[in-house]
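To keep things clear, I will list the structure first and then write my remarks on it.
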Amino acid sequence: PAEPTLVLRLKFLNDTERLARMHPGDTVGALKRTYFPGQEQQVRLIYQGQLLRDDTQSLAGLHLGHLSVLHCHVSPASTAPTAPGTPGPRSPAPAALGVGSLALPLFVLLLALLWYLQLQHRHVFTATATTCLAGLTLLVTFVAFAMYRR
């Protein structure tokens, strides 16, 4: 009698899915070789939050059921393998300061200038303008705390 086929859902980080048909006696390594030929070393399979490190473990041993979901992460291929203990390629330089990273400090500076003008030239600011300035200051304060709390 033929061994029953086990259908597994391979779910990728971009939310795409692929169905894999394997036998319960097949190993994790066989699954990688079948569905990721040439990329076996770059593929990480995760089942129920656990990284499947042992390529010799059988699918039945993992208690995978029909349509069980295996999350797949395929890391990009490295250009030259490095020996253990040798430093890998240099990490990329930190990103240069962009307009987005300067927007909040510039906005805070502008608010400080407006408050200075409001205190020095009170007669120019109406009650509505002062209320709007206070509300805007509160909003910027909440945004700043939300951004820098992460």
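The side chain to side chain donor-acceptor pair (under 3.5 Å) search around N14 returns T16, not counting sequence neighbours. In terms of the side chain to side chain donor-acceptor pair (under 3.5 Å) criterion, residue partners of T56 (sequence neighbours excluded) are, by chain and number, D54. For R9, the side chain to side chain donor-acceptor pair (under 3.5 Å) partners two or more places apart in sequence, or in a different chain, are E17.
Summarising the geometry of T34 relative to A30, their closest heavy-atom pair is OG1-O, 2.7 Å, with the distance given to 0.1 Å. The two atoms that bring S58 and P24 nearest to each other are CB-O, 4.1 Å, heavy atoms only.
Residue I46 belongs to a hydrophobic cluster whose other members are L51, with links defined by side-chain heavy atoms closer than 4.5 Å. Under a 4.5 Å side-chain heavy-atom criterion applied to ILVMFWY residues, the cluster that includes L59 comprises L6, L8, L10, F12, M22, V28, L31, Y35, F36, V43, L45, Y47, L52, L62, L64, L70, V74 as well. Under a 4.5 Å side-chain heavy-atom cut-off, the cluster of Ile, Leu, Val, Met, Phe, Trp and Tyr residues that includes L138 is completed by F142.
Sequence neighbours left out, not one pair with a member in residues 63-75 passes side-chain hydrogen bond (donor to acceptor under 3.5 Å, both in side chains). Applying the side-chain hydrogen bond (donor to acceptor under 3.5 Å, both in side chains) rule to pairs touching residues 114-124 yields W115-T137, Q118-T130, sequence neighbours excluded.
A heavy-atom distance below 4.5 Å is not found between the side chains of T27 and Q57.
In this structure, H23 NE2 and R21 CZ are separated by 11.0 Å, a value rounded to the nearest 0.5 Å. Taken to the nearest 0.5 Å, the CD atom of Q41 stands 11.5 Å off from the CD atom of Q39.
Note: the hydrophobic cluster containing L111 does not contain L109 (ILVMFWY, side chain heavy atoms under 4.5 Å, direct or indirect links).
The closest donor-acceptor contact from the side chain of R53 to the backbone of Q50 lies at 3.5 Å or more, if one exists at all.
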